[in-house]
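All values derive from a computational prediction rather than experimental measurement. Each chain gets a letter, A, B and so on, in the order its sequence line appears, and its residues count up from 1.
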Number of protein chains: 2
Amino acid sequence: MTGSGPGRRGRATIEDVARLAGVSRQTVSRAVNDMAEITPSTKQRVLEAVRTLGYRPSRFARGLVKQDTTTVGLIISDLVNPFFPEVAAGVLAAAENRGWHVVVCDTQYRLDKELSALEVLAHQADAIVGYLGSPDEVLERHAAGVPLVLLERSSQSPRLGSVGIDVEAGVRAGMRHLVSSGHTRIGMLDGAPYPAQSAQNDRRLHFLTVAEEFGLPVDQHWVHVCDQSVLGGFTAMDELLTEHPDTTAVFAFNDLIAVGAVQAARRRGRGVPEDCAVLGFDGLQLGELIDPPLTTLHIDKRRLGELAVEQVALILADRAPSPAQRPVVRPQLVVRRSA
Amino acid sequence: MTGSGPGRRGRATIEDVARLAGVSRQTVSRAVNDMAEITPSTKQRVLEAVRTLGYRPSRFARGLVKQDTTTVGLIISDLVNPFFPEVAAGVLAAAENRGWHVVVCDTQYRLDKELSALEVLAHQADAIVGYLGSPDEVLERHAAGVPLVLLERSSQSPRLGSVGIDVEAGVRAGMRHLVSSGHTRIGMLDGAPYPAQSAQNDRRLHFLTVAEEFGLPVDQHWVHVCDQSVLGGFTAMDELLTEHPDTTAVFAFNDLIAVGAVQAARRRGRGVPEDCAVLGFDGLQLGELIDPPLTTLHIDKRRLGELAVEQVALILADRAPSPAQRPVVRPQLVVRRSA
DNA sequence: TTGTAGGCGTTATCAC
DNA sequence: GTGATAACGCCTACAA
């Protein structure tokens, strides 16, 4: 009823400060946002009141009246896979350039977490970019009208932006390299966990296509699915070599898996690359450090994140990005010693 | 003057929806937040209006009236150093548990970026946790009253929370291991870039102390400072071996540096660990994968992040955490083959 | 230089 | 079940 005092309802408001300093709210505002039209002495007095009351402006009230703060939500699959932090770094950098905030969610590759993250961010952000596995229509429903930019996934819906990797070119370059090195019995270690989402995983598709083009004696049985981790790669490689002992080369979904594959091969007494070549897909720093250094298709992950933010900017400016001009990063074959 | 139409000032408001559906704002609110007291048919009509107008509630207006959403800001030094994503993962997980949002900033170890991040987050978050290098009073000033939890750094100020690593115990365990393996001429590769902040870098201090306790013939000249990266470690190790060719073991600030040190040693034709042992400090997965596998002081990085969020919760609940009960994670010596 | 009035978009409270 | 009305905390006019 008194309606005053900082302790009343949590934090002090601009009103409380005004009262304590014996000025109007407006004057407090001028002092806090240090604007020009205010006497130094008054300013001092106000700022002192601010300090004793522990006053901090409400970001909500401020955001309500100045419509400028932009927040983009970032959804990634696994912060501990070194691939994603690099993408995130690109997103952060690009966002910071524009004065935008970024709130991050990690799905652990789980569709339920993905959807709840989507819902949370739909309330909290002005746009969302991320690695998403659910079908288009599910995504659109959960995003509830918030612009969405898909990473490494194309979509039919014109309402969804997207930024991609030129997987086909990458796979072609990689396979060409392996084949020209004399390999024909090439296996693939495909990353889970979105096997049902064909859109999600072009790597396997292109692998099979290109293998057929080259007339290789491999089919889908040469593709083993595994977790996107070193352990996953290790396990799957072990299975692959059991089922197809004549394998001489392996195409991995990503570098983590490739590293696991190298270990598995060696554990079985196969030299890499002499007995079995291993090809990665990512270009993580990790690949340079192991023995033998990993041959891989290097992706500019930072750039990927930056491009996503640019897409967001386009969409937010009502310039709906046409699917035709979908930005794409092209993998570069980096030949080291594993293949 | 007309004051209506969704196109007026960007987004449609609840008012626009109400008008189109021929109901009051309140009814729209009921429909959107699906509350109980509303006729299905009305709800349908409202929801349709929502869809055609592309209406989305303003998070600011909502946050203003419901005081519940909590956002914590996370400031880390370098997303690309695998150490930080693990800490971040802990923060994200703990925050999600409480229904909090996390906005992330990356400073690249730069003090200017650190301060601007602090200022931004002071407006945007209800609390901040992070790796910070500026002096206490600077931090407090820039945080502008927002609760702050320091990572891996103790502070004198009772107003700053903190979560740490028991560096002393870690260094002791590591040095004991090296000494008991017969090493006496032990160098150290210290991580930049906060040399002036003694609070920031207990590792060097404890290293020197413990070295003296053991009566080792090493002093500050055996400490070389470098970037917290593989390259940094490589370079510094090279310098160290040049100045002190009789070095038989090296204590690294972190695993990335240690990996670089291993490479530098080998490049010089020194076997690891036979000619020169290398000890890391982090416990990154990377360490298991290189050759030889890295002996290191393993830190539970996720836990560190979780503890930080718990500190935030305490502070936000006005239960100021006493410095006495500062949470600390204790490094565990993991002996592999590099030392 | 300072104060007053109004509105930003939403939810809560209370009538109807 | 539905609709006025009053906050929520701040800022941008404009008036004094």
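Using a 4.0 Å cut-off, some side-chain N or O of A/Thr42 falls inside it from OP1 or OP2 of C/dT2. In this model, the phosphate group of D/dC11 is approached by a side-chain N or O of A/Arg62 to a distance below 4.0 Å at OP1 or OP2. Applying the 4.0 Å criterion to OP1 and OP2 of C/dT2, one finds that A/Thr39 has a side-chain N or O inside that range. Considering only side-chain N and O atoms, A/Ser24 lies under 4.0 angstrom from the phosphate OP1 or OP2 of C/dG3. The side chain of B/Ser29 places an N or O atom within less than 4.0 Å of a non-bridging phosphate oxygen (OP1 or OP2) of C/dT11.
For A/Asp16 and A/Arg11, the salt-bridge test fails: no basic side-chain N is under 4.0 Å from an acidic carboxylate O.
At a threshold of 4.0 angstrom between heavy atoms, the contacts of A/Arg59 with the nucleic acid are absent. In this structure, B/Ile38 reaches the sugar-phosphate backbone alone: every heavy-atom distance under 4.0 Å involves primed, P, OP1 or OP2 atoms, never a base.
Without hydrogens or angle criteria, A/Asp136 side chain to A/Ser155 main chain gives no donor-acceptor distance under 3.5 Å. Checking side-chain atoms of A/Asn81 against main-chain N and O of A/Phe84 turns up no donor-acceptor pair under 3.5 Å.
In this structure, B/Phe60 places its CZ atom 24 Å from P of D/dA7, rounding to the nearest Å.
Contact detail for A/Thr69 and A/Gly63: the closest heavy-atom pair is OG1-CA, 4.5 Å.
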